[in-house]
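Before any comments, here is the structure.
These numbers were taken from a predicted model, which means no experiment stands behind them. Residue numbers begin at 1 in each chain, while the letters A, B, ... track the order of the sequences.
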2 protein chains.
Amino acid sequence: MTTASTAPVFAALGDPHRQQLIMMLARGGAASASSLAPSLPVSRQAVDRHLRVLTGAGLLERRRSGRQVLYSVRRAELDRSADWLRELADGWDKRLSAIKESAEGTGQAPALEKNPTDK
Amino acid sequence: MTTASTAPVFAALGDPHRQQLIMMLARGGAASASSLAPSLPVSRQAVDRHLRVLTGAGLLERRRSGRQVLYSVRRAELDRSADWLRELADGWDKRLSAIKESAEGTGQAPALEKNPTDK
DNA sequence: TTGATCTGCAATGAAAGTGTTGCACTTTGC
DNA sequence: GCAAAGTGCAACACTTTCATTGCAGATCAA
């Protein structure tokens, strides 16, 4: 399964400035740190560091174009993380269904209160 | 639109231990910090703090049951974050389509290189 | 009431993240 | 070559996060 490999992606998306940057890139197309910086209340260097964090998480792509470096969105990684969330939610849904069924069968409160890890 | 309100959720999901905890809760049902702690290589207090972070992000629900406190998954918040990701990916897709269309019309490389924020 | 179990909270320290400034380097156009 | 524009990187301060230990308080069963 998709274990903890999505953690860096979520960590990267966990910063408001980085969210803003990736939204700007998704809507406006590829852009450089210098061109994005004026839209944020931080320095050009700080923006570049954020973009590198996003790139490191696999969410962005870097490529050189003349004297500037352009960042653009990598959709695959977005999809992967969305899938992880969906699987998590579905797992929880199955759990709820199983509990409901069990409750209907026995007529009493199910194993929700039970510890999954007794030692 | 869903702006930066999902940032705390992603930040909460950005830690491997917290991912592990929420997966355990989704699969095993509600549980307390004490019962979850033996499955992780950290102390009971550390686990409780992680669970509180997840709760603060809206991902978990706390309720008292006798002498223990049980945490369980709140599906709504998972869905909200998954939606945010999907919108982001879709936005990028639309952008790509527009570029492709523009390229077909003019017969040359489109605005991918252009800065969206000129100042 | 007593003892065992579980939670709540404070203090502490190590580590990582965020943002800044300053400067060097590369590329481009004249 | 020279200047302008853009990127790369290092040092620094500040804040936050992660995890620990220790102890107090609450709850339950006998």
Side-chain angles (χ1 to χ4, degrees), chain A residues 4 7-22 24-25 28-57 59-72 112-119, chain B residues 4 7-22 24-25 30-57 59-72 112-119:
Chain A
V9 175
F10 290 128
L13 290 173
D15 182 273
H17 286 163
R18 285 197 286 267
Q19 277 202 351
Q20 210 171 330
L21 285 170
I22 202 170
M24 290 168 69
L25 289 173
S32 68
S34 301
S35 66
L36 293 169
S39 305
L40 291 191
V42 297
S43 67
R44 186 260 312 172
Q45 288 91 332
V47 168
D48 192 57
R49 286 175 71 151
H50 282 307
L51 291 172
R52 281 165 191 267
V53 169
L54 288 166
T55 305
L59 288 167
L60 297 184
E61 202 171 55
R62 256 174 76 99
R63 79 166 191 284
R64 182 135 223 149
S65 168
R67 90 177 94 183
Q68 54 186 2
V69 173
L70 297 179
Y71 293 87
S72 52
L112 244 187
E113 321 269 327
K114 198 181 159 203
N115 296 343
T117 58
D118 299 289
K119 181 188 172 184
Chain B
V9 176
F10 289 127
L13 290 173
D15 183 272
H17 287 164
R18 285 197 286 267
Q19 277 202 349
Q20 210 172 330
L21 285 170
I22 202 170
M24 290 168 70
L25 289 174
S32 69
S34 301
S35 66
L36 293 169
S39 305
L40 291 192
V42 297
S43 68
R44 186 257 314 170
Q45 288 91 331
V47 168
D48 192 57
R49 286 178 72 147
H50 281 309
L51 292 173
R52 281 165 192 267
V53 169
L54 288 165
T55 306
L59 288 166
L60 297 184
E61 202 171 54
R62 256 172 76 97
R63 78 166 190 282
R64 182 137 222 145
S65 168
R67 93 177 92 183
Q68 55 186 1
V69 173
L70 298 179
Y71 292 87
S72 53
L112 243 188
E113 321 270 327
K114 197 180 158 206
N115 298 342
T117 60
D118 302 286
K119 181 190 170 184

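- Residues satisfying the side chain to side chain contact (heavy atoms under 4.5 Å, CB included) test with A:Gln45, not counting sequence neighbours, are A:Ser43.
- Between A:His50 and A:His17, the ring-plane angle classifies as perpendicular under the 30° and 60° cut-offs.
- Rounding to the nearest 0.5 angstrom, the gap separating the CG atom in A:Leu25 from the CD atom in A:Gln20 is 11.5 Å.
- The line from CG of B:Leu13 to CG of A:Leu13 is 10.0 Å long, rounded to the nearest 0.5 Å.
- Phosphate proximity of C:dT21 to A:Arg44: absent, as no side-chain N or O sits under 4.0 Å from OP1 or OP2.
- When distances are taken from the side chain of A:Arg67 to each of C:dG8, C:dC6, D:dG6, the shortest belongs to D:dG6.
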Below 3.5 Å is the cut-off: list the nitrogen or oxygen pairs between protein and nucleotides 17-19 of chain C, distance only.
| from | atom 1 | to | atom 2 | distance (Å) |
| --- | --- | --- | --- | --- |
| C:dT18 | OP1 | A:Asp15 | OD2 | 3.4 |
| C:dT18 | OP1 | A:Arg18 | NH1 | 3.4 |
| C:dT18 | OP1 | A:Arg18 | NH2 | 3.1 |
| C:dT18 | OP2 | A:Arg18 | NH1 | 3.0 |
| C:dG19 | OP1 | A:His17 | ND1 | 3.0 |
| C:dG19 | OP2 | A:His50 | NE2 | 2.3 |
| C:dG19 | O6 | A:Arg49 | NH1 | 3.2 |

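- Note: OH (B:Tyr71) to C1' (C:dC6) measures 12 Å, nearest angstrom.
- Regarding B:Arg52, its CZ atom lies at a distance of 16 Å from the C1' atom of D:dC18, rounded to whole Å.
- Residues B:Ala33 and A:Arg64 both approach DNA chain C. Their nearest nucleotides, taken by heavy-atom distance, put B:Ala33 toward the 5′ side.
- Ion pairing of A:Arg52 with A:Asp48 is present here, as a side-chain N (NZ or NE/NH1/NH2) and a carboxylate O approach within less than 4.0 Å.
- The distance between atom CD of B:Gln45 and atom P of C:dG13, rounded to the nearest whole Å, is 18 Å.
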